[in-house]
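Values below: all heavy atoms of this structure, side chains included; hydrogens, waters and symmetry mates excluded.
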Amino acid sequence: MRTVAPAKINWTLEVLGRREDGYHEVRTVMQTIDLCDELDVAESSGFEVHVEGAAIPRDENLVHQAAELLAEATGRPLRAEIRLRKHIPPAAGLGGGSSDAAATLRALNRLWRLDLGIEALASVAERVGSDVAFFLRGGTALVAGRGEQVLPLPDVPETWLVVAIPEHELADKTRRMFGELSPGDFSDGSRSQKLAEGLRRGEALDADALCNAFERAADVVFDGLEAQRRLMQQEGAGKVHLAGAGPSLFAVCAGESEARGLAGRLSAAGLRSVAARTLGAVEATAIVE
Ligand code: C5P
């Protein structure tokens, strides 16, 4: 069986502060987009994971961790052949690894006929990583806690984006970026809450509501990021936003042709970019057998 593992952006990403357990308390409105990895899962007498399109060390591949934890939690023998085709650049702020893990849980739930509901899968997901539970449903959601509390929202009307993906070599990026935050970057979560309430009422996405607590730190940590933002604006992007803890940048476009035009010009100028549209919850979790 085959499933997609979509990337995400954050319409908002607020950090409230550091917690006793070392994690940070977040409020974020997350959104799946149609830049997707693909995951094929088949019956096997052993356990094998093949990755195409990116070099991911075994102990950093969340597909392994997700499969092992699901087998352990359910008492199932760890048997499957998993083929992962990477299209989402790793450690870009687009949630690729977390999405691969969630896709693994969804697919193995089906392959192993476990019939677990989202809540049961979520309890495994949150042990794999803070962002994994969101991708079990995908679409649009208000996410709280360290990332594991997911409140689904109605799908936003299809929105086109240009997503620029600068290269970087920052090891252990997410932890390092949280460590770069200072109290001035913290906020109370009300912008995320307000956007979520508007979306729940069926209001259009308010472009002025977009925010990200990592914007300042990202410009400090990622060499050239400010120049890349300027390039996007020179080429006609409106407001430029950081995705997750960066360094990917995105801007909302008027439609597909604007997004594709911008992505083409940015890539030609040396900044790898793709046009992407928002992906609703059904498309973000479809499994084809
Ligand atoms: O949960 P995950 O393994 O993706 O997180 C990686 C690291 O990012 C954590 O070890 C922690 O240092 C940091 N983090 C955090 N607050 C969060 C999520 C992650 O400080 N809400």
Side-chain angles (χ1 to χ4, degrees), residues 5-19 21 23-35 93-96 98-99 101-103 105-106 117-159 161 163 174 177-178 181 185-215 239 241-246 248 250 252 276-285:
K8 59 84 182 158
I9 49 126
N10 306 72
W11 294 125
T12 63
L13 201 182
E14 291 179 273
V15 178
L16 281 62
R18 193 166 187 275
R19 315 192 317 188
D21 63 3
Y23 283 93
H24 289 75
E25 184 71 17
V26 301
R27 296 287 181 280
T28 169
V29 177
M30 294 173 70
Q31 173 68 56
T32 43
I33 61 174
D34 76 342
L35 170 62
L94 300 172
S98 299
S99 188
L105 295 176
R106 289 190 286 102
I118 295 258
E119 294 308 316
L121 287 178
S123 68
V124 178
E126 70 183 65
R127 293 170 60 200
V128 182
S130 303
D131 277 354
V132 179
F134 161 73
F135 288 104
L136 292 173
R137 268 203 192 88
T140 311
L142 175 64
V143 173
R146 66 177 172 91
E148 83 288 9
Q149 296 168 23
V150 182
L151 186 73
L153 295 168
D155 289 336
V156 297
E158 184 177 278
T159 305
L161 310 166
V163 183
T174 306
M177 289 304 293
F178 272 105
L181 296 177
D185 300 316
F186 297 153
S187 56
D188 65 0
S190 57
R191 296 182 72 161
S192 304
Q193 203 77 41
K194 190 160 170 262
L195 180 66
E197 279 161 19
L199 293 176
R200 197 173 302 123
R201 285 196 297 266
E203 290 171 13
L205 184 75
D206 175 6
D208 291 329
L210 274 51
C211 62
N212 186 321
F214 291 100
E215 298 276 7
K239 272 196 183 166
H241 308 278
L242 193 72
S248 292
F250 71 93
V252 175
R277 66 176 175 86
T278 54
L279 210 59
V282 171
E283 273 187 293
T285 54

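Aromatic ring pairs are classed by plane angle as parallel below 30°, tilted from 30° to 60° and perpendicular above 60°; the pair Phe250 and His241 is tilted.
By the side-chain hydrogen bond (donor to acceptor under 3.5 Å, both in side chains) test, Arg146 pairs with Ser130, sequence neighbours left out. With sequence neighbours left out, the salt bridge (charged side-chain N to carboxylate O under 4.0 Å, His left out) criterion links Asp188 to no other residue. Residues forming a salt bridge (charged side-chain N to carboxylate O under 4.0 Å, His left out) with Glu283 (at least two apart in sequence, or on another chain): Arg277. Scored by the ring pair (Phe, Tyr, Trp, His ring centres under 6.0 Å) test, Phe214 finds Phe178 as partners (sequence neighbours excluded). Not counting sequence neighbours, the partners of Ala213 by the side-chain contact (heavy atoms from CB on, under 4.5 Å) test are Val15. Take Ser98 and apply the side-chain hydrogen bond (donor to acceptor under 3.5 Å, both in side chains) test, not counting sequence neighbours, and it matches no residue. Taking Asp155 as the reference, nothing meets the salt bridge (charged side-chain N to carboxylate O under 4.0 Å, His left out) condition, with sequence neighbours excluded. Applying the side-chain contact (heavy atoms from CB on, under 4.5 Å) criterion to Thr32, with sequence neighbours excluded, gives Pro6, Phe134, Phe135, Leu279, Ala284.
The line from OG1 of Thr28 to NZ of Lys8 is 7.0 Å long, rounded to the nearest 0.5 Å. Taking CD from Gln149 and CG from Leu142, the interatomic distance works out to 9.5 Å, rounded to the nearest 0.5 Å. The CG atom of Leu205 lies 9.0 Å from the OG1 atom of Thr278; values are rounded to the nearest 0.5 Å. Here the CG atom belonging to Asn212 is positioned 10.0 Å from the CG atom belonging to Asp185, to the nearest 0.5 angstrom. In this structure, CG in Leu105 is found 10.5 Å from CD1 in Ile118, a value given to the nearest 0.5 Å.
Using a 4.5 Å cut-off on side-chain heavy atoms (C-beta onward), Arg106 and Leu136 make contact. Trp11 is not listed as a side-chain neighbour of Leu153, based on a closest heavy-atom distance of 4.5 Å or more.
Taking all atoms of both residues into account, the shortest heavy-atom contact from Leu94 to Ala243 is CD2-CB, 3.9 Å. Scanning all heavy atoms of the two residues, the minimum distance from Ala141 to Pro152 falls at CB-CA, 4.0 Å.
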Side chains of residues 120-129: which donor-acceptor pairs under 3.5 Å do they make with residues two or more places apart or in other chains?
unit_1: Ser123; atom_1: OG; unit_2: Ala120; atom_2: O; d: 2.8
unit_1: Arg127; atom_1: NH2; unit_2: Glu72; atom_2: OE2; d: 3.4

Which donor-acceptor pairs under 3.5 Å do the side chains of residues 192-199 make with protein atoms, sequence neighbours left out?
unit_1: Ser192; atom_1: OG; unit_2: Thr12; atom_2: OG1; d: 2.9
unit_1: Ser192; atom_1: OG; unit_2: Glu14; atom_2: OE1; d: 2.7
unit_1: Ser192; atom_1: OG; unit_2: Arg27; atom_2: O; d: 3.1

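Contacts classified as side chain to side chain donor-acceptor pair (under 3.5 Å) and involving residues 131-144 (residues at least two apart or in different chains) are given here: Gln31-Thr140. Counting only residues at least two apart or in different chains, salt bridge (Lys or Arg N to Asp or Glu O under 4.0 Å) contacts with residues 199-212 comprise Arg201-Glu203, Asp208-Lys239.
The closest donor-acceptor contact from the side chain of Thr285 to the backbone of Ala281 lies under 3.5 Å. For Asp34 (side chain) and Ala276 (main-chain N/O), no donor-acceptor pair under 3.5 Å exists by modelled atom type.
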